[in-house]
Amino acid sequence: MAATLDRLRKECQDFFRKIYVGEDRVLVFGEGAPSAQWMLIGEAPGEQEALQGRPFVGKAGKQLDAFLDALKLDRGALYITNAVKFRPTRISAAGRTVNRAPTQEEIGLWQPWLRREIDAVKPRLIVTLGNTALRAATGDALLIGDAHGRIIEDHDPPVFALYHPAAVIYRRALQDTYQQDLATLRDVMGEMIR
Ligand code: URA
């Protein structure tokens, strides 16, 4: 499985190098246990992730780690990736390079690669973090506000939707909802390995 993921990463790099000719983009590929039971999918890398070449190592990653602690899950037991694997950026009014949300085109370009990554890892359960990951993993036009905290029907592997950890940083009111969703997720995972 590790060899399949290594090959996939290389193919993916070559494919996007031809699309973004001459651009110095850092590919932030998924990482973790190559045959993990649980696969987490985020939106896209931010600044820290692009600097370190690893998913969820910045501010949202710290928040994610706190949630994983609550689930008593070790990062090493998971596979963590993003729907879009390059950092989407724009230039702010102050002239700084800042994050932006990925476009539909970017998400669509990445979707077949995400599917191949899922097929290589073959997780028992996919946990999506936020709207972009939810839509990229299911192909459904869902809203996280409606879909969070439950398994989305008719997907193989099954998909459990969580808010993006960064949403909890910016919307403190989501704290309780997130804790409830994590408790449901813990039960769902427990049922799956019983
Ligand atoms: N947000 C994401 O969705 N993914 C990362 O890797 C970091 C922040």
Side-chain angles (χ1 to χ4, degrees), residues 5 8-9 12-13 16 20 25-34 36 38-71 73-90 92 96-111 113-118 120-121 123 125-139 142-145 147-149 152 159-172 174-175 177-178 181-182 185:
L5 284 167
L8 188 61
R9 172 202 282 259
C12 184
Q13 184 99 58
F16 282 93
Y20 299 120
R25 295 189 185 220
V26 179
L27 176 73
V28 180
F29 203 71
E31 67 171 28
W38 322 119
M39 181 169 184
L40 266 57
I41 305 176
E43 179 175 282
E47 184 180 17
Q48 274 308 312
E49 286 76 19
L51 283 172
Q52 299 184 41
R54 298 182 53 212
F56 282 101
V57 289
K59 215 167 164 190
K62 303 271 170 307
Q63 187 70 49
L64 179 64
D65 285 342
F67 297 146
L68 294 179
D69 277 353
L71 289 172
L73 276 178
D74 193 73
R75 264 197 190 224
L78 309 168
Y79 185 88
I80 305 184
T81 194
N82 281 301
V84 169
K85 293 172 177 53
F86 288 123
R87 178 189 179 205
T89 57
R90 66 179 174 83
S92 74
R96 291 207 331 266
T97 302
V98 295
N99 296 338
R100 61 165 169 80
T103 62
Q104 283 312 314
E105 189 186 0
E106 288 165 332
I107 297 166
L109 263 178
W110 278 103
Q111 217 164 2
W113 296 97
L114 179 64
R115 181 42 57 190
R116 288 179 66 186
E117 207 178 8
I118 294 169
V121 177
L125 179 71
I126 291 173
V127 180
T128 56
L129 307 170
N131 264 323
T132 300
L134 174 63
R135 294 190 196 136
T138 61
L142 295 163
L143 284 174
I144 190 65
H148 71 94
I152 312 302
V159 174
F160 188 96
L162 282 180
Y163 277 101
H164 194 285
V168 186
I169 302 176
Y170 301 113
R171 291 168 60 192
R172 301 314 285 185
L174 281 182
Q175 280 279 5
T177 308
Y178 217 97
D181 290 353
L182 286 176
L185 176 58

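The structure displayed is predicted, hence computed values, not measured ones. Nothing fancy with the numbering, it's 1 onward along the sequence. Counting starts at 1 for both ligands and their atoms, following the listed order. Values below: all heavy atoms of this structure, side chains included; hydrogens, waters and symmetry mates excluded.
- Residues E43 and P102 share a closest heavy-atom pair of OE2-CD, 3.3 Å.
- At a 4.0 Å heavy-atom cut-off, ligand 1 touches E49 through the side chain alone.
- With ring centers used as reference points, H164 lies under 6.0 Å from F56.
- No part of A166 comes within 4.0 Å of ligand 1, judged by heavy-atom distances.
- Under a 4.0 angstrom heavy-atom cut-off, R54 registers as lying outside contact with ligand 1.
- Distances from atom 5 (C) of ligand 1 to the heavy atoms of A44, P55, P165 show the closest one on A44.
- A side-chain donor-acceptor contact under 3.5 Å links E49 to the backbone of G58.
- Applying the 4.0 Å criterion to heavy atoms of E43 picks out, from ligand 1, the atoms 2 (C), 3 (O).
- K85 NZ to W113 CH2: the interatomic distance, rounded to the nearest 0.5 Å, is 10.0 Å.
- From the protein, the heavy atom lying nearest to atom 4 (N) of ligand 1 is N82 OD1, 2.7 Å.
- Set against the non-hydrogen atoms of G42, the atoms of ligand 1 under 4.0 Å away are 3 (O).
- Judged purely by atom type and a 3.5 angstrom limit, D74 uses its side chain to pair as donor or acceptor with the backbone of G76.
- Of the candidates N131, T177, D181, T128, D181 is the only one forming a side chain to side chain donor-acceptor pair (under 3.5 Å) with H148.
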